[in-house]
Amino acid sequence: MTGNHLTEAYEEVQKARDKLHQLTVHQWKHETVFTWEWWLLVGLSIFPLIIWWRIVDKKRAYEIAFYGCMINIMAVILDDFGTNLSWWGYPMKLIPIIPPLLTADSILVPIILMIVYQLFSSNWKTFISANILTGAVIAFVAEPIFVRIGYYHLNTWNFFYSFLFYITASSFSRLIILRISK
């Protein structure tokens, strides 16, 4: 392949991205913004942050926030893979130019897992038990609700894979914190 073919292919990809962006903005303007589902997404993006700030152990806030950032990074990476490989999709977005489900990846899941970390990180046994329960609730209760509302559409992914992700991400993040603190 010569450089020209790469340039032509790249230009085609960029044109497709531009068209996709135009369609996304059109859908958002005409079908999403200011609907009750959109307002719920706004609330789910703001209130958990307020609640977290009120209940976080301020003496451990940096450690807990670091844990949450690791969860967020892993969720965003998985989300990028999943949407690009069409494992799932997001029919509704808070804002059309931000990652698909910022509310879940960067707010809800990390905050829920940060609260669990704060309460149950004293030893591995309680931490794993609490995260198995939390992962089950998120994967098998919250995600199906998000599907029903229309925030999330599964193609080839299933809720059990999400459950495994929550357990793995939370455990890996705790392991990193333990290693760093030594």
Side-chain angles (χ1 to χ4, degrees), residues 12-49 51-52 67-117 127-175:
E12 282 185 58
V13 168
Q14 285 306 105
K15 286 178 186 176
R17 284 186 177 149
D18 289 342
K19 180 66 176 170
L20 179 60
H21 175 70
Q22 291 171 7
L23 289 169
T24 300
V25 170
H26 182 269
Q27 178 201 15
W28 184 79
K29 284 181 179 177
H30 294 72
E31 298 175 9
T32 301
V33 71
F34 305 128
T35 62
W36 72 267
E37 297 95 340
W38 183 83
W39 282 110
L40 179 60
L41 210 50
V42 169
L44 291 171
S45 299
I46 295 169
F47 294 119
L49 292 168
I51 292 167
W52 179 78
Y67 173 84
C69 285
M70 286 188 287
I71 300 291
N72 176 40
I73 290 166
M74 288 183 269
V76 168
I77 290 169
L78 178 62
D79 216 349
D80 198 37
F81 275 103
T83 53
N84 283 318
L85 294 171
S86 296
W87 293 344
W88 58 76
Y90 297 103
M92 182 170 289
K93 293 181 180 183
L94 186 62
I95 300 171
I97 58 170
I98 61 173
L101 199 52
L102 173 80
T103 303
D105 292 343
S106 300
I107 298 169
L108 290 173
V109 169
I111 286 176
I112 290 166
L113 293 176
M114 282 189 291
I115 292 168
V116 171
Y117 177 81
F127 178 79
I128 293 292
S129 298
N131 273 290
I132 288 172
L133 178 61
T134 304
V137 170
I138 296 170
F140 302 119
V141 177
E143 285 191 14
I145 291 171
F146 271 39
V147 167
R148 189 170 187 95
I149 290 172
Y151 293 154
Y152 184 41
H153 177 79
L154 298 177
N155 296 323
T156 58
W157 191 259
N158 69 58
F159 300 125
F160 183 73
Y161 300 152
S162 295
F163 171 71
L164 294 176
F165 167 77
Y166 299 129
I167 304 308
T168 304
S170 60
S171 298
F172 183 67
S173 297
R174 181 170 188 265
L175 182 64

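For this chain, numbers begin at 1 and follow the sequence in order.
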S.K.: Can you establish whether the number of heavy atoms outside F47 located under 6.0 Å from its atom CZ is more than 12?
M.R.: no
S.K.: Is there side-chain contact between M74 and F165, with heavy atoms separated by less than 4.5 Å?
M.R.: yes
S.K.: Are the side chains of I71 and Y166 in contact, using a 4.5 Å heavy-atom criterion?
M.R.: no
S.K.: Taking all non-hydrogen atoms of both residues into account, name the closest pair between S45 and L49 and its distance.
M.R.: O-CD1, 3.3 Å
S.K.: Does some side-chain heavy atom of V147 sit less than 4.5 Å from a side-chain heavy atom of F159?
M.R.: yes
S.K.: Under 4.5 Å between any side-chain heavy atoms of S171 and I128, yes or no?
M.R.: yes
S.K.: Just by modelled atom types, is the N155 backbone N or O under 3.5 Å from a matching donor or acceptor in the W87 side chain?
M.R.: no
S.K.: Would a distance-only check, ignoring hydrogens and angles, find a side-chain to backbone donor-acceptor pair under 3.5 Å from W28 to K93?
M.R.: yes
S.K.: By ring pair (Phe, Tyr, Trp, His ring centres under 6.0 Å), which residues pair with Y151, not counting sequence neighbours?
M.R.: F146
S.K.: Is there a donor-acceptor pair under 3.5 Å between the side chain of S170 and the backbone N or O of I167?
M.R.: yes
S.K.: Using the rule given for side chain to side chain contact (heavy atoms under 4.5 Å, CB included), can you reason through S106 versus V76, listing the C-alpha separation, both sets of side-chain angles and the distance that settles it, and then say yes or no?
M.R.: CA-CA 8 Å; S106 300; V76 168; 4.2 Å; yes
S.K.: With a 3.5 Å cut-off and sequence neighbours excluded, list the donor-acceptor pairs that the side chains of residues 107-115 form with protein atoms.
M.R.:
none

S.K.: If we only count heavy atoms from C-beta on, is the Y161 to W88 side-chain gap below 4.5 Å?
M.R.: no
S.K.: Just verifying a value: how many Å separate L44 CG and T103 OG1, rounded to the nearest 0.5 Å?
M.R.: 6.5 Å
S.K.: Mark yes or no for whether Q27, through its side chain, and P91, through its backbone, hold a donor-acceptor pair below 3.5 Å.
M.R.: yes
S.K.: For T35, enumerate each residue passing the side-chain hydrogen bond (donor to acceptor under 3.5 Å, both in side chains) test, keeping only those at least two apart in sequence or located in another chain.
M.R.: E37
S.K.: Report yes or no: does N84 contribute a side-chain atom to a donor-acceptor pair with the main-chain N or O of D80 at less than 3.5 Å?
M.R.: yes
S.K.: Do you know the tightest heavy-atom contact between Y90 and T83?
M.R.: CE1-CG2, 3.5 Å
